[in-house]
Amino acid sequence: MSRRDTFPLLRTRSLQLLGLLAAATSAAVPISAQSRALGPLTSEDGAPLHRVSMNATTAPADPIERGDVLWSVWLAYSNIFEQDSTRSHVLLVDMERLISATQVTVGVHDRVEVGGRVTFETTGPGVLDGAVSWWHQRLGVGNANRERFPEGEYDQRLQNRDGSVLLDVPRRTLALDDLRLFGKMRLVGSSDGPGLLSARVTTRLPVANDPRVRERPEAGISLLGRLSGDHWHAHAMVGGNAIRAQSRVEDEVFRRGAYHWMLGVERSLGPELAGVLQYHVSSPVLKSFEHREVDGSSYNLTVGLLGRIGNTWRWDLSFQEDLPPDTPAADFTLGFRLSRMW
């Protein structure tokens with residue numbers, strides 16, 4: 001089966017899973033000795049070429065309870081290398097990046113939460129190029145021409161063959177990237193039941209100023225689902241958002257919209273610990289380049305652990321790898337999230 005055949009099939013499967021979640025929550029069949037879900041892991045599409053738009057971040061289907069306030073900070077450190085040269089363009093992305101996101105969520109109703117997030121970005125040459133090359137050789141997935149370039153360099157540049165530079169992002173040190181406001185409403189199910197389905201609406205307000213790309217406010221919506229058993233939980237997310245970024249150099253570079261989906265499985269390892277595996281896909285943001293490393297979808301496999309300390313503190317630790325490797329996604333991302341409930 002070709003990649004073009006596979007992607008619509010996987011998207012259909014995710015929609016079917018959400019339908020099953022809705023059916024399960026409506027049935028409200030009690031499950032004995034059911035453990036409370038801790039997931040999913042915090043993750044998002046880290047592709048630099050996609051971050052001019054609103055990249056979806058995973059979130060639990062369960063809203064927090066009315067009157068509660070949840071504070072969290074998420075750190076994601078990525079190593080990224082993409083190099084390609086064709087008749088139409090030249091691409092070179094070689095960097096390491098730290099995303100720092102602080103979020104506050106408030107339960108305003110039995111079924112509704114609202115909140116906001118502030119995101120900072122730090123980019124530079126980094127020091128992990130050699131370790132990543134070794135890791136990819138062990139996995140047998142190739143290094144995408146890394147060996148042809150010196151280690152410890154920084155580039156984030158995309159240009160046409162005629163010399164027009166479409167994207168050339170300078171290094172940033174703890175620079176404000178964007179502000180996000182969101183609201184989530186439980187549609188069916190309950191936190192103590194076997195399943196739950198919620199809708200989440202997010203607005204992104206870009207702050208970064210790029211002389212070649214004009215970013216504008218965007219909005220998106222996601223459906224979030226959870227299906228729980230005794231010690232196993234399934235998580236799902238599917239949605240889309242508008243793309244309002246515009247190139248100041250060339251017309252018709254960005255698509256008008258994008259969609260995303262995520263499927264995850266959580267295994268309880270005790271009352272306060274769980275392991276999670278999830279797969280996250282984001283559709284293309286750019287178009288007309290006809291090369292999957294530029295205007296292809298972004299695919300990420302994430303594995304990690306989640307934990308709870310009492311009733312107030314939670315944490316998750318994750319490792320995210322791009323699979324398959326020849327897409328715009330970041331080569332790998334180490335993530336850590338810490339949260340506290342009041």
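Predicted model only: the values in this text are computed from it and were never measured. Only heavy atoms go into these numbers, but all of them, side chains included; no hydrogens, no water, no symmetry mates.
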Do [X] and [Y] come within less than 4.5 Å of each other through their side chains, counting heavy atoms only?
X	Y	result
R292	P324	yes
M237	H235	no
T57	R180	yes
L167	V253	no
E121	I99	yes
L187	L223	yes
P125	R171	yes
V169	Y154	yes

Indicate the atoms forming the closest heavy-atom contact of [X] with [Y], along with that distance.
X	Y	answer
P170	T123	O-OG1, 4.1 Å
R97	G46	NH2-O, 2.5 Å
P63	K184	CA-CE, 3.9 Å
S100	L75	OG-CD2, 3.7 Å
P60	L224	O-CD1, 3.6 Å
M95	P48	CE-CG, 3.6 Å

Looking at [Y] and [X], is there a salt bridge between them, counting it only when a charged N and a carboxylate O are closer than 4.0 Å?
X	Y	answer
E44	R117	yes
E218	R244	no
D45	R51	no

* Do other residues, nucleotides or ligands put more than 12 heavy atoms under 6.0 Å from E272 CD? -> yes

* Structure fact -> Exactly one candidate in S222, S282, S298 meets side chain to side chain donor-acceptor pair (under 3.5 Å) with H260; the answer is S222

Consider only side-chain heavy atoms of I, L, V, M, F, W and Y, link residues closer than 4.5 Å, and tell whether [X] and [Y] are in one cluster.
X	Y	result
M262	L306	no
L286	V165	no
W232	L273	no
L263	Y299	yes
F254	L158	yes

Does [Y] offer a backbone N or O that forms a donor-acceptor pair with the side chain of [X] under 3.5 Å?
X	Y	answer
R337	W315	no
E113	T105	no
D177	T119	no
Y279	W261	no
R308	P271	yes
E266	L38	yes
Q278	L41	yes
T122	L174	yes

Can you tell me how far apart [atom1] ([X]) and [atom2] ([Y]) are? Round to the nearest 0.5 Å.
X	Y	atom1	atom2	result
R216	S53	CZ	OG	11.5 Å
F319	S43	CZ	OG	13.0 Å
S72	M341	OG	CE	10.0 Å
N79	F332	CG	CZ	5.0 Å
T327	D295	OG1	CG	12.0 Å
R157	L166	CZ	CG	12.0 Å

* Six-ring centre of F182, R200 cation under 6.0 angstrom, axis tolerance 45° -> yes

* Would you call the rings of W313 and W71 parallel, tilted or perpendicular, where under 30° means parallel and over 60° means perpendicular? -> perpendicular

* Scan side-chain atoms only and decide if S78 and T333 contain a donor-acceptor pair under the 3.5 Å cut-off. => yes

* Would V52 and I243 count as a side chain to side chain contact (heavy atoms under 4.5 Å, CB included) if you check the C-alpha gap in whole Å, the side-chain angles of each, and the deciding distance to 0.1 Å? -> CA-CA 9 Å; V52 296; I243 298 176; over 6 Å; no

